[in-house]
Colleague: 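Pasting a structure below so you can have a look.
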Amino acid sequence: MNKLVGRSEIMKLFHDNMTIMCGGFANRGSAAKLIDMAVESGVQGMYIISNDSGDPDLTVGRFIRSGQAKKITASHVGMNPELGESVLAGKMELELSPQGTLAERIRCGGAGLGGVLVTTGMGTIIEEGKQKVEVNGQTYLLETPLTAEIALVKAHKADVMGNLVYKGTQRNFNPLVAMAAKTVIVEADEIVPAGALDMDEIHTPGVFVSMIWNGEE
């Protein structure tokens with residue numbers, strides 16, 4: 001099944017008040033051109049789930065500068081002062097989630113699990129409003145799973161059937177978000193024919209991928 005699509009088909013998928021997950025970290029390994037499409041779609045009220053908030057006007061940071069995001073869940077926001085300004089001004093909601101916890105919450109979302117038990121954040125404001133669970137005398141916080149309507153994934157190679165190979169920093173959160181969204185859209189450095197990838201080098205099987213941007217503007 002050929003999953004290559006053009007820009008116009010991708011643009012149709014964005015709508016107001018949707019949840020979007022993005023792979024990558026600190027502007028590296030991110031699907032920057034797909035993020036640009038989401039911003040250029042003009043939709044409002046987006047909830048963004050990402051390991052970081054990007055730099056101002058770079059990758060995920062574009063959602064904040066454009067004012068199109070109403071909420072972001074991330075582990076690191078220190079590179080983007082515009083996010084802090086938006087939150088303090090009441091224009092955006094920020095949920096900070098420790099990086100390991102965030103990764104596990106997304107993995108739980110992709111695997112259909114009910115959440116993950118952690119001790120990170122116990123005794124801090126992180127635990128406010130969260131369910132506590134006791135296991136063998138140890139108290140844990142229940143961190144709930146995260147899913148999205150769309151995941152924007154960056155890969156090094158993609159075959160036309162959606163099998164993906166990552167390189168370097170692309171391997172951080174991209175494999176996780178590719179499992180946790182209803183629609184997974186891929187931006188790849190290189191697109192190859194079906195059968196061109198060695199099965200042993202595939203990191204994300206094509207069953208998780210909905211479509212691959214063909215690179216046409």
Side-chain angles (χ1 to χ4, degrees), residues 10-11 13-109 116 118 120-121 124-130 141 143-154 168-178 180-181 183-185 187:
I10 295 171
M11 293 292 277
L13 300 175
F14 300 117
H15 61 82
D16 289 350
N17 302 311
M18 70 183 311
T19 302
I20 296 179
M21 276 186 183
C22 300
F25 182 63
N27 307 308
R28 305 293 190 274
S30 302
K33 293 182 178 178
L34 292 179
I35 291 173
D36 287 348
M37 289 185 202
V39 172
E40 290 159 13
S41 72
V43 300
Q44 301 292 320
M46 287 185 281
Y47 171 28
I48 306 300
I49 300 170
S50 170
N51 196 8
D52 72 302
S53 57
D55 279 289
D57 211 27
L58 283 178
T59 62
V60 178
R62 293 204 65 203
F63 290 123
I64 288 93
R65 175 165 287 187
S66 66
Q68 293 166 272
K70 66 178 180 183
K71 179 180 178 180
I72 184 169
T73 294
S75 72
H76 177 60
V77 299
M79 301 187 312
N80 194 335
E82 293 181 359
L83 173 63
E85 294 167 5
S86 295
V87 172
L88 291 173
K91 298 177 180 177
M92 276 190 68
E93 180 183 352
L94 167 64
E95 180 192 20
L96 281 173
S97 188
Q99 189 169 99
T101 301
L102 179 62
E104 285 300 300
R105 293 177 69 189
I106 296 172
R107 188 184 67 82
C108 287
V116 59
V118 304
T120 307
T124 74
I125 60 173
I126 293 292
E127 72 174 39
E128 292 179 0
K130 293 178 180 172
L141 295 179
E143 294 281 3
T144 53
L146 292 170
T147 58
E149 293 166 83
I150 284 181
L152 304 180
V153 171
K154 177 70 175 182
T169 55
Q170 294 170 352
R171 290 197 69 176
N172 51 40
F173 271 61
N174 283 297
L176 293 172
V177 304
T183 300
V184 176
I185 310 173
E187 173 187 332

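Side chains included, hydrogens not; waters and symmetry mates left out as well; all remaining heavy atoms used.
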Colleague: How close do Asn174 and Gly29 get, heavy atom to heavy atom, and via which atoms?
Modeller: ND2-O, 2.8 Å
Colleague: Taking only residues two or more places apart in sequence or in another chain, which ones pass ring-ring contact (aromatic ring centres under 6.0 Å, His included) with Phe173?
Modeller: none
Colleague: For Ser30 and Gly23, which heavy atoms make the closest approach, and how far apart are they?
Modeller: OG-O, 3.4 Å
Colleague: Does a salt bridge link Glu127 with Lys130, judged by any charged N lying under 4.0 Å from a carboxylate O?
Modeller: no
Colleague: Quick one: salt bridge (charged side-chain N to carboxylate O under 4.0 Å, His left out) pairs with a partner in residues 41-60, sequence neighbours left out?
Modeller: Asp57-Arg62, Asp57-Arg65
Colleague: What distance do Leu34 atom CG and Met11 atom CE have between them, rounded to the nearest 0.5 Å?
Modeller: 11.0 Å
Colleague: If you measure from NZ on Lys71 to CD1 on Ile48, what distance do you get to the nearest 0.5 Å?
Modeller: 12.0 Å
Colleague: Quick check: do Asn17 and Lys70 have side-chain heavy atoms less than 4.5 Å from each other?
Modeller: yes
Colleague: Go through Ile35 and Cys22 one step at a time and tell me if the side-chain contact (heavy atoms from CB on, under 4.5 Å) criterion holds.
Modeller: CA-CA 8 Å; Ile35 291 173; Cys22 300; 4.2 Å; yes
Colleague: For Gln68 and Val39, indicate whether the former's side chain and the latter's backbone hold a donor-acceptor pair under 3.5 Å.
Modeller: yes
Colleague: Any chance you could measure Asp36, atom CG, to Ser41, atom OG, to the nearest 0.5 Å?
Modeller: 11.0 Å
Colleague: If you apply the rule side-chain contact (heavy atoms from CB on, under 4.5 Å), what do you find for Ile126 with Glu143, and how did you get there?
Modeller: CA-CA 10 Å; Ile126 293 292; Glu143 294 281 3; 4.2 Å; yes
Colleague: Report yes if some heavy atom in the side chain of Glu187 is under 4.5 Å from a heavy atom in the side chain of Leu152; otherwise report no.
Modeller: no
Colleague: Side-chain donor-acceptor contacts of residues 87-96 below 3.5 Å, not counting sequence neighbours, with atom names and distances?
Modeller:
residue: Glu95; atom: OE1; partner: Thr73; partner atom: OG1; Å: 2.6
residue: Glu95; atom: OE2; partner: Arg105; partner atom: NH1; Å: 3.1

Colleague: Within the side chain of Glu40, is there an N or O that forms a donor-acceptor pair under 3.5 Å with the backbone of Ala38?
Modeller: no
Colleague: State the CZ-CE distance between Phe25 and Met79, to the nearest 0.5 angstrom.
Modeller: 6.5 Å
Colleague: After noting the C-alpha distance and the side-chain angles of Leu146 and Leu102, does the key distance pass the side-chain contact (heavy atoms from CB on, under 4.5 Å) rule?
Modeller: CA-CA 8 Å; Leu146 292 170; Leu102 179 62; 3.6 Å; yes
Colleague: Would a 4.5 Å heavy-atom cut-off, applied to side chains only, mark Phe14 and Met37 as touching?
Modeller: yes
Colleague: Nearest 0.5 angstrom please: Arg28 CZ to Asn51 CG, how far?
Modeller: 14.0 Å
Colleague: Does Thr183 use its side chain to pair, donor to acceptor, with the backbone of Ile150 at less than 3.5 Å?
Modeller: no
Colleague: Show the numbers, then the answer: is there a side-chain contact (heavy atoms from CB on, under 4.5 Å) between Leu13 and Ile185?
Modeller: CA-CA 10 Å; Leu13 300 175; Ile185 310 173; 3.8 Å; yes
Colleague: If you take all heavy atoms of Gly109 and Ala180, which pair is closest and at what distance?
Modeller: C-CB, 4.3 Å
Colleague: Measure the spacing between OG of Ser53 and CD1 of Ile72 and express it to the nearest 0.5 Å.
Modeller: 5.5 Å
Colleague: For the backbone of Gly24 and the side chain of Asn172, can you confirm whether one donor and one acceptor N or O come within less than 3.5 Å of each other?
Modeller: yes
